[in-house]
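Notes follow the structure.
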Amino acid sequence: MRHLVKFLIFIIYCTVVFFIPNDYTLFIPVLVNIFLIIGCLLFTYMYEKRTKNYNKYNIFSIFSTTFKVMPFIIFTFIINCILDNYINALFIGLKLFVVCNATIIYSFTTTAVKTAKTVELLCSPLRLFKINTEEIFILVCISLSMIPIIKNELIEIRNSCKAKNMNINVKNYKYILSKFFYSLLIRVNEIEGSLIAKGYNF
């Protein structure tokens, strides 16, 4: 239930940010995000002190991942500058930055299993229609687990292309896509085999 409340607060918070007027009120969610990051930092310190373990939440990763989405935010800012004025474009860009940062903080402080369990709880009313919510839980877990796998596969393909002095462009798309989908199908077969071994039948 705690993770469900956390998820609902996150959704409501991100939604409210976009409805905040384009004025200095927008600095309130900016401060909230800063306090969330400080909270993660304090929790990390307490976690390390108690368990003598590696930091649970890597604050540097939160910042680096946030700045990776900056090209998308800058692109949105430029489009809004063309369609509207630069002041409104600046506020929209700031809203987008706040929401992206909040999403990254949420993803770093919540595991895939907890998120899947939250989705399962949200889908509980579907049991009235004889829908097995446990299957939804498993599917969400698989989906979220596949994201880092796909990312790693793409990195491996990029490194492979560099090693072969091959440029990543339209001419080489056949090699890149075939390698990517082949690796992906192997991963899917591994997951399927694992689920069958554990007694899940879909």
Side-chain angles (χ1 to χ4, degrees), residues 2-45 47 55-119 122 140-141 143-159 161-162 167-170 173 176-177 180:
R2 179 168 58 90
H3 299 298
L4 177 61
V5 172
K6 181 182 175 182
F7 178 77
L8 291 173
I9 290 170
F10 163 70
I11 294 296
I12 292 165
Y13 174 71
C14 289
T15 306
V16 167
V17 167
F18 283 107
F19 286 97
I20 292 174
N22 290 343
D23 55 27
Y24 293 107
T25 314
L26 190 56
F27 287 102
I28 294 171
V30 172
L31 290 172
V32 170
N33 279 31
I34 291 167
F35 283 123
L36 285 172
I37 292 170
I38 292 169
C40 289
L41 189 63
L42 290 173
F43 188 89
T44 298
Y45 173 75
Y47 180 81
N55 58 335
K56 192 172 184 181
Y57 307 139
N58 192 334
I59 303 299
F60 177 75
S61 296
I62 292 174
F63 283 115
S64 63
T65 309
T66 302
F67 282 106
K68 282 178 184 177
V69 300
M70 283 305 293
F72 168 68
I73 295 169
I74 292 166
F75 175 75
T76 307
F77 168 75
I78 292 167
I79 294 297
N80 279 279
C81 279
I82 295 166
L83 299 175
D84 201 352
N85 58 68
Y86 74 93
I87 295 172
N88 286 335
L90 186 65
F91 280 116
I92 289 167
L94 187 58
K95 286 178 182 180
L96 200 58
F97 179 82
V98 167
V99 170
C100 288
N101 184 244
T103 306
I104 290 161
I105 292 168
Y106 178 81
S107 66
F108 270 83
T109 57
T110 309
T111 61
V113 175
K114 289 175 183 176
T115 304
K117 200 69 182 172
T118 303
V119 173
L122 288 171
V140 173
C141 271
S143 301
L144 293 173
S145 300
M146 284 299 289
I147 294 169
I149 290 170
I150 290 169
K151 181 184 174 183
N152 290 334
E153 290 296 333
L154 290 171
I155 290 169
E156 284 183 15
I157 290 168
R158 185 186 65 187
N159 292 337
C161 289
K162 282 183 179 179
N167 294 323
I168 300 173
N169 52 34
V170 179
Y173 77 95
I176 293 166
L177 289 178
F180 173 72

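All heavy atoms count here, side chains included; hydrogens, waters and symmetry mates do not. As the structure is a prediction and not an experimental result, all values here were calculated from the model.
The CZ atom of Phe97 lies 13.5 Å from the OG1 atom of Thr76; values are rounded to the nearest 0.5 Å. Note that CD1 of Ile105 is 11.5 Å distant from SG of Cys100, once rounded to the nearest 0.5 Å. Separating the CZ atom in Phe77 from the CG atom in Leu94 is a distance of 11.0 Å, to the nearest 0.5 Å. Rounding to the nearest 0.5 Å gives a distance of 10.0 Å between CZ of Phe91 and CG of Asn85. If you take NZ on Lys68 and CD1 on Ile73, they are separated by 14.0 Å, rounding to the nearest 0.5 Å.
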Return a table of donor-acceptor pairs under 3.5 angstrom between the side chains of residues 8-18 and protein atoms on other chains or two or more places apart.
residue: Tyr13; atom: OH; partner: Pro29; partner atom: O; Å: 3.0
residue: Tyr13; atom: OH; partner: Asn33; partner atom: OD1; Å: 2.6
residue: Thr15; atom: OG1; partner: Ile11; partner atom: O; Å: 2.7

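In this structure, Asn159 contributes its side chain and Ile155 its backbone to a donor-acceptor pair below 3.5 Å.
Applying the salt bridge (Lys or Arg N to Asp or Glu O under 4.0 Å) test to Lys117 and every residue at least two apart in sequence or in another chain returns Glu120.
No side-chain heavy atom of Phe7 sits under 4.5 Å from any side-chain heavy atom of Lys114. Residues Phe72 and Leu96 meet the side-chain proximity criterion, which asks for heavy atoms closer than 4.5 Å.
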